[in-house]
A.B. asks: 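Just passing along the structure, written as structure tokens.
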Amino acid sequence: MEHGSVADSTASSFSIMEEDHTLANSVRFVLNQDPRVAFCGYSIPHPADNKVNIRVQTTGDPAKDVMVDALQDLMVMCQHARGTFDTAVADFRANKPMERMDIDLNKS
Amino acid sequence: MDMDDVPTQQRNKLPDHLERQRTRVTCKADAPTHTQGFQYSGAFAAMGVDNSVSVEKFCNSFKIKINRLTEDDMEFDMIGVDASIANAFRRILIAEVPTMAIEKVFMVDNTSVIADEVLSHRLGLIPLDADPRLFDHISDDVPNERNTIVYKLHVSCEKGSQRLTVKSGQLEWLPEGSQLLMASAAQGEKQKTYTSFGQSQKNISGRSIGVKYKDITIARLGPGQAIELEAHAVKGVGKVHAKWSPVATAWYRMLPEVVLLKEIKDGEAEELVKKCPVNVFDIEDLGNGAKRAVVARPRACTLCRECVMGPTGEQVELRRVRDHFIFTIESTGALPPEVLFTEAVKILEEKCERVISELS
Ligand code: SF4
């Protein structure tokens, strides 16, 4: 849910249900690294509520667009991280056959 | 400092002390300094230095190096990522990657000394060797072969015999579903059990779904005591209950960097080497009896800060590299650790996707 004003689209608070620091802190990081963002922060209003509020103020672009871009960037970063990780695992396996196998050989 | 004083070739590089504050956490004898870092993209705009991280920049600098990978634990270096993202992965691994765990226990008979609820709790914590990706979350309480795994435990200790230890391996998987009959069947109707399986679970899994470790003690029975129960496992996540957490632990530490600010020689060098409990320092022979301390194994540093206290304190600086994480995952067995990590990253992606679709 977005709380903004009709007159000024450059500042909005986003209230996201069922999320916590996991998403909010990552998104805050990505938003802060975006040159279009003037201010960004998040808070969990009450630890018993399962929601976070993310505040975004921009230098001119609509806050919602910047937020969506940040989420998309985060997704691309995750995909890249996953790809890199999978290659690293494959490389590791190719170069070093599982240690477990050696142990099994010794046993038999 | 006035901007005009700065030679142009230096404009796009931060001065050393700021670069260090940006990329390192320094651990002093009493407390660490510069723990926050510089998040804001325009933090150094006045100096002509761009502090933003675009996706391309991230993709170019992100690296993963696997150090150890076994069946149920792994360690790898994750380089070029902010703590907020590394922490998101860690949090998801612990609390949001789903697994299967025993949630409902139907107690037919329990004459052992261990109370029903304690016994049920113990059963819940037993890691199951079931791939959670094959199952759905249970919705509106109809247990079927797609969302419930059923186990039976029926043990008794004969009168006059030795005491008996009940192990997790004695849980028997029921691929056809529950064998317990519901109390009241209307006349002429077939009696219903507590699950409604459409097919055998053997078709779904391809192998038997047992417990991961067969030697976990569940209870001990004295002569004449017995336990008969049926346990139903469902899919869930660690934030609801720790029994669903797929990892024993998942943690990271930042890469330690130990720097000798001055040359440390002879007696002082030996003292320094002796001080460090994990042997970070070594002695280098300079010939004709002279010795010098060198940093040989900075990775082993546990940050006990022993070396920055006392007389050598001024000569040693302890730092941590802000974007280099040594990540360790210990799986409880349902999924191998490398799969857990990919699953965790996928979950973060799904979270983004959900919010994007809600916003547009
Ligand atoms: S902080 Fe402790 S472990 Fe690290 S180098 Fe110093 S004495 Fe060794």
Side-chain angles (χ1 to χ4, degrees), chain A residues 1-2 12 14 16-41 50 52 54 59 63-65 67-93 95-96 98-100 103, chain B residues 38-43 45 50-59 62-71 74 76-78 80-92 95-96 239 336-339 341-356 358-360:
Chain A
M1 193 180 20
E2 184 186 356
S12 278
F14 300 89
I16 306 172
M17 300 299 296
E18 319 278 301
E19 289 298 348
D20 55 11
H21 300 279
T22 307
L23 183 73
N25 199 14
S26 317
V27 171
R28 188 197 55 169
F29 162 71
V30 180
L31 279 166
N32 263 327
Q33 304 288 10
D34 188 330
R36 293 174 297 174
V37 173
F39 171 82
C40 163
N50 208 355
V52 285
I54 305 179
T59 52
K64 191 172 153 184
D65 296 0
M67 177 77 174
V68 171
D69 283 353
L71 287 162
Q72 245 140 18
D73 283 357
L74 185 57
M75 261 173 83
V76 176
M77 284 158 89
C78 284
Q79 277 155 5
H80 180 76
R82 196 145 53 90
T84 318
F85 182 81
D86 286 343
T87 342
V89 170
D91 283 355
F92 183 82
R93 288 239 166 89
N95 294 333
K96 230 187 255 173
M98 294 266 274
E99 282 163 40
R100 207 162 52 84
I103 298 166
Chain B
F38 297 95
Q39 295 266 325
Y40 178 48
S41 64
D50 181 19
N51 193 38
S52 69
V53 176
S54 60
V55 174
E56 292 98 279
K57 256 201 216 168
F58 171 83
C59 291
F62 184 77
K63 274 191 208 72
I64 281 186
K65 213 183 121 267
I66 313 256
N67 302 325
R68 186 178 75 238
L69 175 60
T70 64
E71 208 179 335
M74 80 182 298
F76 58 94
D77 282 23
M78 192 153 63
V81 67
D82 186 73
S84 59
I85 311 251
N87 193 37
F89 294 155
R90 185 194 62 87
R91 285 173 63 96
I92 294 173
E96 287 178 70
K239 64 178 166 187
E338 75 276 12
V339 178
F341 184 79
T342 19
E343 289 296 309
V345 180
K346 269 189 218 160
I347 288 172
L348 188 57
E349 278 167 47
E350 279 160 24
K351 282 174 181 290
C352 296
E353 215 169 68
R354 203 201 101 203
V355 180
I356 290 175
E358 260 175 42
L359 282 178
S360 45

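Predicted, not measured: the structure shown is a model, and the values here were computed from it. Every chain is numbered from 1 and lettered A, B, ... according to where its sequence line falls, protein lines coming before strand lines.
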A.B. asks: Among Ile85(B), Val55(B), Val345(B), Ile66(B), which has the most heavy-atom pairs under 4.5 Å with chain A?
C.D. replies: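 If we count pairs closer than 4.5 Å to chain A, Ile66(B) comes out on top.
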A.B. asks: Any ion pair linking Lys346(B) and Glu349(B) (charged N to carboxylate O, less than 4.0 Å)?
C.D. replies: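 No salt bridge links Glu349(B) with Lys346(B).
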A.B. asks: Would you mind checking which part of Arg354(B) comes under 4.5 Å of any heavy atom in chain A, side chain (CB onward), backbone (N, CA, C, O), both or neither?
C.D. replies: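 Only the side chain of Arg354(B) comes within 4.5 Å of chain A.
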A.B. asks: Specify which of Asp82(B), Val81(B), Asn87(B) makes the most heavy-atom pairs with chain A at under 4.5 Å.
C.D. replies: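 That would be Asp82(B).
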A.B. asks: Check the pair Val355(B), Leu23(A) against side chain to side chain contact (heavy atoms under 4.5 Å, CB included), reporting the backbone distance first and the verdict last.
C.D. replies: CA-CA 10 Å; Val355(B) 180; Leu23(A) 183 73; 3.7 Å; yes
A.B. asks: Using salt bridge (charged side-chain N to carboxylate O under 4.0 Å, His left out) as the criterion, point out the one residue from Arg90(B), Lys351(B), Arg91(B) that pairs with Glu96(B).
C.D. replies: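 Only one of Arg90(B), Lys351(B), Arg91(B) forms a salt bridge (charged side-chain N to carboxylate O under 4.0 Å, His left out) with Glu96(B), namely Lys351(B).
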A.B. asks: Answer yes or no: is there an ion pair linking Lys239(B) with Asp20(A), defined by an N-O contact shorter than 4.0 Å?
C.D. replies: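 Salt bridge absent between Lys239(B) and Asp20(A).
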A.B. asks: Under the ring-ring contact (aromatic ring centres under 6.0 Å, His included) test, which residues partner Phe58(B), sequence neighbours left out?
C.D. replies: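 By the ring-ring contact (aromatic ring centres under 6.0 Å, His included) rule, Phe58(B) matches Phe62(B).
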A.B. asks: Which bit of Val27(A) is near chain B, if near means a heavy-atom gap under 4.5 Å: side chain, backbone, both or neither?
C.D. replies: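 No part of it gets close to chain B.
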A.B. asks: So, using side-chain contact (heavy atoms from CB on, under 4.5 Å) as the criterion, who are the partners of Ala83(B) when residues are at least two apart?
C.D. replies: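 Listed in chain order: Phe325(B).
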A.B. asks: Taking the six-membered ring for Trp and the full ring for Phe, Tyr or His, determine whether the centres of Phe92(A) and Phe76(B) are under 6.0 Å apart.
C.D. replies: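 Aromatic pair excluded; centres sit 6.0 Å or further apart.
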A.B. asks: Counting only heavy atoms closer than 4.5 Å, note whether Glu19(A) contacts chain B via side chain, backbone, both or neither.
C.D. replies: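 It is the side chain, since no backbone atom gets that close.
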A.B. asks: Heavy-atom distance under 4.5 Å to chain B: side chain of Asp86(A), backbone, both or neither?
C.D. replies: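 Interface part for Asp86(A): side chain.
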A.B. asks: Please state whether the side chain, the backbone, both or neither of Glu353(B) comes within less than 4.5 Å of a heavy atom of chain A.
C.D. replies: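 Answer is both: backbone and side chain atoms of Glu353(B) are under 4.5 Å from chain A.
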A.B. asks: Give the member of Gly83(A), Pro35(A), Cys40(A), Ala70(A) that has the highest number of heavy-atom pairs under 4.5 Å with chain B.
C.D. replies: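 With the most close heavy-atom pairs to chain B, the winner is Pro35(A).
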A.B. asks: Does any backbone or side-chain atom of Met74(B) lie under 4.5 Å from a heavy atom of chain A? Answer side chain, backbone, both or neither.
C.D. replies: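 For Met74(B), the side chain is the part near chain A, not the backbone.
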